[in-house]
Amino acid sequence: MQSCEIAYFSAEFGLDESLPIYSGGLGILAGDHIKAAADLNVTLTGVGIFYGNGYFRQRIDEDGAQQHLYPAVDPEASVYPVRPVRDDNGRPIVIAVPLGGRKVHAKAWSVRLGSVTLYLLSTDVESNGEADRRLTDTLYPGDHDIRICQEMLLGIGGTRLLEALGIRPDVWHMNEGHCAFLTLERIRMLSAEGVPFETALEAVKASTVFTTHTPVPAGHDVFSIDQMDRYFGDYYWQLGTDRERILSLGRADGAFNMTRLAVSTSSRVNGVSKLHGDVTRELFRRWMPHIPKPDVPVDSVTNGIHIGTWLAAGMKELFDRYLQSDWTVRTADPETWRAVRDIPHQELWAAHQQAKASLIAAFGLPLDASGEGPLVIGFARRFATYKRALLIFSDPDRLARLLGDARRPVCLVFSGKAHPADGPGQELIRRIVHLSREERFKGRVHLIENYAMDRAKKLVQGVDVWLNTPTKPMEASGTSGQKAALNGVLNCSVLDGWWVEGYNGRNGWAIESAADADAELQAARDSEALYRLLEEEIVPLYYKRGERKLPMDWVNLMKESICSLAPVFNTHRMVDEYRNRVYIPASARGKRFAADGFEVASRVAAYKQFIRSQWPGVHVRKVDLLADNSSRIGLNKSAFRAEIGLGAIWHKDVRVEAVGSDGRQGIWKARLDPVQQLAKGVYVYEGSSPDVAIDIWKANVNVRVTPVSPDFANEFEMELSAWG
Ligand SMILES: *Cc1c(COP(=O)(O)O)cnc(C)c1O
């Protein structure tokens, strides 16, 4: 196989709590991704930022107010060796990045994990002014100027660092849009070698892939055009084109949008679960008004978790004993996990009790660790409002009755940080602190400070039920529930993100949320469904004890959960999927576009420019429905005839289709072929509808013309179509 070296850029990496340069799921995913790449011997170079003060350490004061502490991150304290990056002469490698008229220097740290090296940039070097030294102190600063500087450092600086190190990736993977300036820097480098802008853009695009994580427009990074001009005023011209063309790559709603830039400069875009792929198509459609949602070129690769990181020690011992000896390298094979069913019930239960006792001890929770109770429900993740930490308190009296049942006690354990600028998120923490002090919730509601990977491990391993109640469809994937599932902790979750794919009716509990209801109504329905599940299914099942006080049915559910979820929602499966479906094709594509002095890239660029210049002349002039479907009983096949004006465009450079609604969410398409030339540039196309029961008259059929090329990465690469 050809070489396939990956560069993986991300604003955060969560490898271990000793290196606190992550804030939540995005960073943990990046960390788990590179760990799995190392396990699978994928040649991958990670690029991120070394945040000098990391993400904050959380204290919660008497009143429930979140305090933010920023102790300096000590590279020496990391469990992964973190070393300064030096050149062959032992001198630190320093790169320069132009930031708002200044030349800012950055050094790098490296973290080695097998076949993977992670480079982390820092501007804390002596040659910088004091303000610039502080640029990389904190994660996701509220200040827009610091933010754009960090993103320029990550994208532009990261690319310069790889160049300085002589690393030439075949594929550039952008994990979320923060790092998308890397595409501009790569174009600049090609431009400096004399490659014309449009050719350079095609070459860069061919070898770049983008994973989007954010299902709401407000979550995407946006800079004003004015700010772009301030920071890129002296950079635009270096790319070999005009300012307007560069801004056009990211322009959306009058500003410069990093997600838009990433989409414009990648040949493959994916969301992080099937549902999120769908939500993303809807979201990106506003940028591609000619393309119906199902055709928006966005795929999905569902997230997973790194088993070696998240599995409890006692559980691992059990798996080592009962699974095949090579189970840790065959985690993506369902066969591997079948043996979980053969683990004696009491042993699986005992391993879980061990993890639960360890949780109780680690945080000094005043709970009985004997295994007879209480039922412990965990809710831990960032306190972002859409995650609805307080949903379970919707009816406090009903909850108090449930938790307070002396025969069947139930406890809630919360943990999480709210972003320092997120007031409403911090208010959630305060509310939980106050609720936990109410007489009716005393000893039943607990909040653990300073959620980070170490706390997350204890929690996902040691609670009985993992609760997840986001506003659907705001949870792009979610991964903490996957960590829980692996450990035999049962998920009770809104059917959102990964759980839509994971839930099989027998491996946990689902709250079927109606995403289109208004927020209050949705919350009312979801909380009602949650209470019913807790009262009628979860609590009774947990307390249904058999011989030796063993909850046999509960343990069966644990087994089903592990067997059905562990093989799918892990990063070995995920990275394998990236490798086969994303990296290998993009690597081949990138090489093909760059070969022979960028011959293919140059051809595609010229072709696109020609099509774009001629597209205003493309018209669907006339559409006729030929067959009368009412005369043929039971068969709704119809034929179409369309007259298409193509101007100077060749008739084989377009695809002509009849497109109709299938009456549900989807569309059907029927290909029309050229049968006659009426005049210069005017063609007749004909074809018939698919053999499905469609009511042609109601289906609102339209004919569309789309530019095509065997060199395009997908069917709508130019985001253009003409309709009639
Ligand atoms: C796994 C993890 C997350 C992500 O949790 P979600 O449920 O996906 O929001 C966030 N923070 C930490 C510390 C984690 O370990």
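In this chain, numbering begins with 1 at the start of the sequence shown. Hydrogens, waters and symmetry mates play no part in the numbers below; they use all other heavy atoms, side chains included. As the structure lists them, so they are numbered: ligands from 1, and atoms in each ligand from 1.
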Identify, by atom number and element, the atoms of ligand 1 in contact range of [X], meaning under 4.0 Å from any of its heavy atoms.
| X | value |
| --- | --- |
| T479 | 1 (C), 4 (C), 6 (P), 8 (O) |
| W310 | 15 (O) |
| G24 | 10 (C), 11 (N) |
| G478 | 8 (O) |

What protein heavy atom sits nearest [atom], and how far off is it?
| atom | answer |
| --- | --- |
| atom 10 (C) of ligand 1 | G25 N, 3.6 Å |
| atom 12 (C) of ligand 1 | Y451 CE2, 3.6 Å |
| atom 9 (O) of ligand 1 | K387 NZ, 2.7 Å |

### Message
Tell me if a side-chain donor or acceptor on K35 pairs with a main-chain N or O of L15 at a distance below 3.5 Å.
### Response
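Checking the backbone N and O of L15 against the side chain of K35, a donor-acceptor pair under 3.5 Å is found.
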
### Task
Answer yes or no for R381 and F379: cation-pi contact, defined as NZ/CZ to six-membered ring centre under 6.0 Å and angle to ring axis within 45°.
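Here R381 passes the 6.0 Å and 45° test against F379.
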
For [X] and [Y], I'd like to know if the aromatic rings sit close, meaning centre-to-centre distance below 6.0 Å.
| X | Y | result |
| --- | --- | --- |
| W327 | F319 | yes |
| Y8 | H33 | yes |
| H173 | Y578 | yes |

#### Entry: Proximity to ligand 1 by part of I28, non-hydrogen separation under 4.0 Å
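Contact part for I28 vs ligand 1: side chain (C-beta onward).
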
### Contact partition for S477 relative to ligand 1, non-hydrogen atoms under 4.0 Å
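It is neither; nothing of S477 touches ligand 1.
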
### Query
Taking distance alone, with no angle check, do S480 and ligand 1 share an N/O pair under 3.5 Å?
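Yes.
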
### Message
Check this for me - ligand 1, S23, N or O atoms closer than 3.5 angstrom, yes or no?
### Response
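No - when backbone and side-chain N and O of S23 are compared with those of ligand 1, no distance drops under 3.5 Å.
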
### Side chains of Q66 and D61, donor plus acceptor under 3.5 Å
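Per modelled atom types, Q66 and D61 side chains form no pair under 3.5 Å.
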
### Query
Under 3.5 Å, is there a donor-acceptor pair between the Y55 and E12 side chains?
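Distance-only check fails for Y55 and E12.
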
### Message
Over 60° means perpendicular and under 30° means parallel, so tell me whether H178 and Y140 are parallel, tilted or perpendicular.
### Response
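The rings of H178 and Y140 sit tilted, inter-plane angle from 30° to 60°.
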
### Query
Which is closest to atom 14 (C) of ligand 1 by heavy-atom distance: R381, K483, M453?
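It is K483 that holds the nearest heavy atom.
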
### Query
Mind checking whether R382 has a heavy atom under 4.0 Å from ligand 1?
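Flag not set, R382 not near ligand 1.
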
### Message
Checking side chain to side chain donor-acceptor pair (under 3.5 Å) between S358 and each of K457, Q461, K458, which is the one that passes?
### Response
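Exactly one candidate clears the test, K458.
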
